[in-house]
Protein chains: 2
Amino acid sequence: MKRNSRLSLALHTLSHMAGSPDRLRTSAEIAEHSGTNPVVVRRVLGKLRQAGLLISEKGHSGGWRLALKPEDITLADVYLALDERMVATNEPSEASVCSVEYALHERVSRVLEEIEESLVRKLSETVISDVHGVKEDGEYQ
Amino acid sequence: MKRNSRLSLALHTLSHMAGSPDRLRTSAEIAEHSGTNPVVVRRVLGKLRQAGLLISEKGHSGGWRLALKPEDITLADVYLALDERMVATNEPSEASVCSVEYALHERVSRVLEEIEESLVRKLSETVISDVHGVKEDGEYQ
DNA sequence: TACTAATGCAACTGTGAAAGTTACGAATAA
DNA sequence: TTATTCGTAACTTTCACAGTTGCATTAGTA
């Protein structure tokens, strides 16, 4: 598994689940599909559980399933659940003690913030069932 | 200097330059403003030079200046010059040999690709002079 | 010419965040 | 009571990137 691929792993898994929402999938199973390992899967999906997008069941024949209908989960929900900020802003450097420098830094930060917001708005336009695709493709076992 | 801060460094520097486009600034000077060091600055700005956004002059009294007017440089130009892809897609895992898996991976990739494109479109709506701000703020020496 | 100040670049080290791994406790179905 | 699964902590590994050093090249200046 590559770097910064948690969003990709999450989307892949949720889309997969959209195909058969009632079935429980184990971390091991998902890990195999994603080319990674169960603990990493639990880490990533744990964030989605905290956000109320997934439900996990412990014990024998436990596993993961969607907490909502695939058409009610937007990509923004997933992105925000993972708590990643792609267009991150930086701390002001020591040089920014000067007020002019500080003002410039503020403006750069504000612009990046706006870009981040527009990214989230864009993400909210697509839902998981859109990613899963049309029914002709059949179900993913 | 923090992680993934190259875009921030680039925007900060270009915005700064927008204040007095004719003045040459040395890497050392820029580094001090940004709280980093000259070689890192040359690395980042070198990408912008390759993209035709900046001009560098070697030798005594050399340095960096804008190659274009601040109102002709969009944030998308800067982002693309740095060759960073914030919404990265993954290689298909070994599990994707199955055609259904492969198709799903393709769809996830396509969605992420569209998000990336929309990010660039959004970035292209802002130019460097917008970031520099209105004239009342005065020039940045 | 010699000197100085700047970029360009290669090669290397240091760092930190995220992936990967191991281990074990808790929960739950069979 | 046994097997299976998640939850989580602790640790190691990996890797991209910042940081650093050194030197060649370029160009202005005395």
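The chains referred to below are lettered A, B, ... by the order of the sequence lines, with proteins before strands, and numbering in each begins at 1.
Here the closest heavy-atom approach between residue B/Leu14 and residue B/Ile128 is recorded as O-CG2, 3.6 Å.
Between B/Arg42 and C/dT7, a side-chain N or O to OP1/OP2 separation shorter than 4.0 Å is present.
Taking B/Glu117 as the reference, B/Glu113, B/Arg121 meet the side-chain contact (heavy atoms from CB on, under 4.5 Å) condition, with sequence neighbours excluded. For A/Ala67, the side-chain contact (heavy atoms from CB on, under 4.5 Å) test picks out A/Ile55, with sequence neighbours left out.
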Open item on the list: Please encode protein proximity along nucleotides 25-30 of chain D as a string of B, S and -, counting only heavy-atom distances under 4.0 Å.
Closed with: -BBB--
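Computed from coordinates, the A/Arg6 CZ to C/dG20 C1' distance equals 14 Å when rounded to whole Å. In this structure, A/Ile30 atom CD1 and D/dG7 atom C1' are separated by 15 Å, rounded to whole Å. The interatomic distance linking A/Lys47 (NZ) with D/dG7 (C1') rounds to 15 Å, in whole Å. Between A/Asn37 atom CG and D/dC6 atom C1' the separation is 14 Å, expressed in whole Å.
Evaluation of the side-chain hydrogen bond (donor to acceptor under 3.5 Å, both in side chains) test over residues 44-54 of chain B, restricted to residues two or more places apart or in two chains, returns B/Arg49-B/Ser56. Residue pairs satisfying the side-chain hydrogen bond (donor to acceptor under 3.5 Å, both in side chains) criterion with at least one member in residues 57-68 of chain A, sequence neighbours excluded, are listed as follows: A/Ser27-A/Trp64, A/Glu57-A/Arg65.
When each of C/dG8, D/dA18, D/dC6 is scored by its nearest atom to the side-chain atoms of B/Ser5, the top-ranked nucleotide is D/dA18.
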Atom pairs under 3.5 Å: protein N/O with N/O of nucleotides 9-12 of chain D:
| residue | atom | partner | partner atom | Å |
| --- | --- | --- | --- | --- |
| D/dA10 | N6 | A/Arg43 | NH2 | 3.3 |

